[in-house]
Amino acid sequence: MRKREWTDQRYGKQNRQSGSAHRFRLLILLLMFCMSALLLPSKPVHAEETDSSLIRMERMYNPNSSEHFYTADQNEKKYLVSLGWQYEGIGWFAPHQGDPVYRLYNPNAGDHHYTLSEKERDKLVSLGWRYEQIGWYSAKDKKVPLYRQYNPNAKAGAHNFTTSRKENDVLVSLGWRAEGISWYAEKEGIPVDGSLRALHVSGTKLLDENNREVVLQGYSTFGLNYMPQYVDERVFQFVKNQMHGQAIRLALYTQEYGGYCSGGNQAELEALIDKGVRLAKQNNLYVIIDWHILSDGNPMIHLNEAKAFFSKMADRYKNVKHVLYEICNEPNGVDWATVKNYANQIIHIIRARDPNGVILVGTPTWSQDVDVAARDPLQGYSNIMYTLHFYAATHKEGICNKLIAAHAAGLPVFVSEFGISSADGNGSLDPASGDAWIQLLDDYHISRIGWALSNKNEASALFTPGSGIPPTLSDLSASGQWFEKIYQARASEDPIPDQLDQPDQPDSSDAQTPEQPGSKDAKVQLTASNSWQSNGRTFTQYMLTIENPGSTPLKNWDAEAVFDGEIRIENSWNAEVSASGNTLKFTPLSWNAEIPAGGKVDSIGVIVSSTKSVHASVHLN
Ligand code: IDC
């Protein structure tokens, strides 16, 4: 799946739109480019560094113009992402010194160009390009080449630069022109990992399937009973793309007003969890299902409900790699023996269904007593972690010492909730104490989840009171701004993803909900979005759109496109696409198999080649 998305994003699209939509798009584009030009610094672009010997060059893609863009400036990156550019990971690592690479901007086409050649620079300037100073340096040792390709079919941003020979070759096979080596990197780039790997626990650490260490940073929803509206695609996208989140925690209150065990609509709350799990997957976020006990300090109070709930969740998500279970948010007023008794019963239920999923166990005193748990941990299971919660304005050395003791004893700890407010979620913020905590978590490589995605009028809310959905960076409260800054600084330490040649195994089963008849009103469209010639064949890129204007979800759809001539599939993404004769069959992936009422799927693409120009008609089965 990752492979397809990666290739897709690199591909030039010239949308054939007509009338106002096209003009609107042009206007937006123009605005984007003007603003990106305004942003440009007058000195060499300043760099955000991961370590003193490397400069990370951020790579972005504009799906409207198909331009690829590269910058060392984190603010510029952030700004462009907020305008809708897709973040594609680290293009390459540049040296601090070397041969200058000049950056130029064409104010007419809205295109950037980068070159080592002074001559080319001066030539372009004489043709009206704007010289934007040195973008970065090329490594003198010439060990890691940046390959350059040119897309003869794209208007803007026709060049792509990559350290991946494989990416270069894939593009060339699709009709791009190989233009050789443009400059040299210090180290190869790291594309955005489009997949989530199953996690497991080893010692104090969380590891992925390739035994690479994972330190998650993420955010908790507010109580699902209080603010269900934050389980929203745009919020998840915001968390992923602008708040540097890798995980979302779904806080299912049990006892509080409207909670799962206190009169809340259980079916609705479960549906929210399903939605959250699906949206998380769609946005490459891990997701934690949090049984949020709080005023019911003793987890045994709702033992039976918890058993029924987790047996349902584990049945549903046993093969879903990105789900973690948190079985009791904050036990309080009980001892560790009681929590252990509860945990043994719930873990037994989860393990009977899901032998490997990571389970987070709360500790007494609102999940502070990890030192107590460390002296007497649960026995006989794998993939268990213990939670520590802190609110930095209240909890300082005392609780830090508990963590230090637990870590020294080898206890795997996961900070599934924290904030920089007081423990009541309000009061004044203490970012300095927060910074010190983060330093400790970094030292120990401990995952952390911030409280909370809410616009409530309280200090711990990430958004300002009255702010809406979708959130924007200007809606961040002081607490939200602190998180954004802290998480951004760590975003560079993402585990290194697999290379392109290791496609994901699809989940063998995703959440299964009872089958329902699909909407009869669903509309399907296949639109040619680009076409070009190469080696005597015509290549055409099509986008498949399915809209469900009905009032019930459309489930397990499949679509067929019948062509009036011979075709060959060259590439596809976001669906399984197979050909039989002149018919293409599209079947969904787990995450787009269900199209909610009023929703649509519009990211599916295929490139076919043919010896002559062909036409297609499409229908849903
Ligand atoms: C708080 C909310 C607050 C709400 C309260 C009770 O911020 O608006 O009134 O829950 O529903 C925790 C809990 C978490 C708390 C948070 C702040 O896990 O539910 O949220 N907190 O008090 N532990 C320590 C602090």
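Indexing begins at 1, ligand by ligand and atom by atom, following the structure's order. Everything quoted here is computed from the prediction, not taken from an experiment. FYI, the numbering just counts along the sequence from 1.
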Visitor: Taking atom CG of Asn457 as the centre, does the number of heavy atoms from other residues, nucleotides or ligands within less than 6.0 Å exceed 12?
Guide: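 For Asn457, atom CG is not crowded (no more than 12 foreign heavy atoms under 6.0 Å).
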Visitor: Quick one, Tyr219 with Trp451, criterion ring-ring contact (aromatic ring centres under 6.0 Å, His included). Give me CA distance, side-chain angles, the key distance, then yes/no.
Guide: CA-CA 6 Å; Tyr219 300 93; Trp451 181 264; over 10 Å; no
Visitor: What about the rings of Tyr286 and His322, do their centers lie closer together than 6.0 Å?
Guide: no
Visitor: Considering only non-hydrogen protein atoms, determine which one is nearest to atom 1 (C) of ligand 1 and report residue, atom name and distance to 0.1 Å.
Guide: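 The closest one turns out to be Tyr253 OH, 3.7 Å.
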Visitor: Would you kindly say whether Gln439 and Asp435 are connected by a side-chain donor-acceptor distance under 3.5 Å?
Guide: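 Absent: no donor and acceptor within the cut-off.
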Visitor: Is Glu547 paired with Lys600 through a side-chain N to carboxylate O contact shorter than 4.0 Å?
Guide: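 Result for this pair is no, no salt bridge flagged.
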Visitor: In Å and rounded to the nearest 0.5 Å, what is the NZ to OG distance from Lys205 to Ser447?
Guide: 12.0 Å
Visitor: Using a 4.0 Å cutoff against the non-hydrogen atoms of Gly425, which atoms of ligand 1 qualify?
Guide: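 Numbered from 1, ligand 1 contributes 17 (C), 22 (O).
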Visitor: Need the ligand 1 atom indices (1-based, order shown) with element for anything under 4.0 Å from a heavy-atom of Glu256.
Guide: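 What qualifies from ligand 1 is 11 (O).
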Visitor: Hey, is ligand 1 close enough to Ala423 that some N/O pair sits below 3.5 Å?
Guide: yes
Visitor: For Tyr257 and ligand 1, answer yes if some heavy atom of the residue is under 4.0 Å from a ligand atom, otherwise no.
Guide: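 Contact check Tyr257 vs ligand 1: negative.
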Visitor: With a cut-off of 4.0 Å, which atoms of ligand 1 are near a heavy atom of Asp424?
Guide: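 Matching atoms, with element in brackets: 17 (C), 22 (O).
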Visitor: Against heavy atoms of Tyr226, which atoms of ligand 1 measure under 4.0 Å?
Guide: 11 (O)
Visitor: Within less than 4.0 angstrom of ligand 1, does Glu458 place any heavy atom?
Guide: yes
Visitor: Looking only at protein heavy atoms, which one is nearest to atom 16 (C) of ligand 1, and what is the separation?
Guide: Tyr391 OH, 3.5 Å
Visitor: Which atoms of ligand 1 are found less than 4.0 Å from any heavy atom of Lys456?
Guide: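 The atoms of ligand 1 under 4.0 Å from a heavy atom of Lys456 are 3 (C), 4 (C), 8 (O), 9 (O).
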Visitor: Rounded at 0.5 Å granularity, tell me how far CG in Leu294 sits from CD in Glu330.
Guide: 6.0 Å
Visitor: Which heavy atom in Tyr87 sits nearest to a heavy atom in Arg56, and how many Å separate them?
Guide: OH-NH2, 3.1 Å
Visitor: Show which atoms of ligand 1 fall inside a sub-4.0 Å distance from at least one heavy-atom site of Asn329.
Guide: 18 (O)
Visitor: Do me a favour and list the nearest non-hydrogen protein atom to atom 6 (C) of ligand 1 with residue, atom name and distance?
Guide: Leu294 CD2, 4.0 Å
Visitor: Give the intermediate values and the outcome of ring-ring contact (aromatic ring centres under 6.0 Å, His included) for residues Phe414 and Tyr386.
Guide: CA-CA 6 Å; Phe414 191 116; Tyr386 300 81; over 10 Å; no
Visitor: Under a 4.0 angstrom heavy-atom cut-off, which atoms of ligand 1 come close to His292?
Guide: 13 (C), 14 (C), 18 (O), 19 (O)
Visitor: Phe418 and Trp437: aromatic ring centres closer than 6.0 Å?
Guide: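 Between Phe418 and Trp437, the centre distance exceeds or equals 6.0 Å.
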Visitor: Taking the non-hydrogen atoms of Trp366, is any one of them nearer than 4.0 angstrom to ligand 1?
Guide: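 Checking ligand 1 against Trp366, which is what was asked, there is no heavy-atom contact under 4.0 Å.
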Visitor: Suppose we measure from atom 20 (O) of ligand 1 to each protein heavy atom; which comes out shortest, and what is that distance?
Guide: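 Checking every protein heavy atom, the shortest distance to atom 20 (O) of ligand 1 gives Trp451 CZ2, 3.1 Å.
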Visitor: Does Glu417 reach ligand 1 with a nitrogen or oxygen that is under 3.5 Å from one of the ligand's nitrogen or oxygen atoms?
Guide: yes
Visitor: Nearest 0.5 Å please: distance from the CG atom of Asn356 over to the CG atom of Asn319.
Guide: 9.5 Å
Visitor: For ligand 1, which part of Asn426 has a heavy atom less than 4.0 Å away: the side chain, the backbone, both, or neither?
Guide: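 Neither; nothing of Asn426 gets under 4.0 Å from ligand 1.
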Visitor: With respect to His389, determine whether any N or O atom, backbone or side chain, lies less than 3.5 Å from an N or O atom of ligand 1.
Guide: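 No; the residue has no nitrogen or oxygen that sits under 3.5 Å from a nitrogen or oxygen of the ligand.
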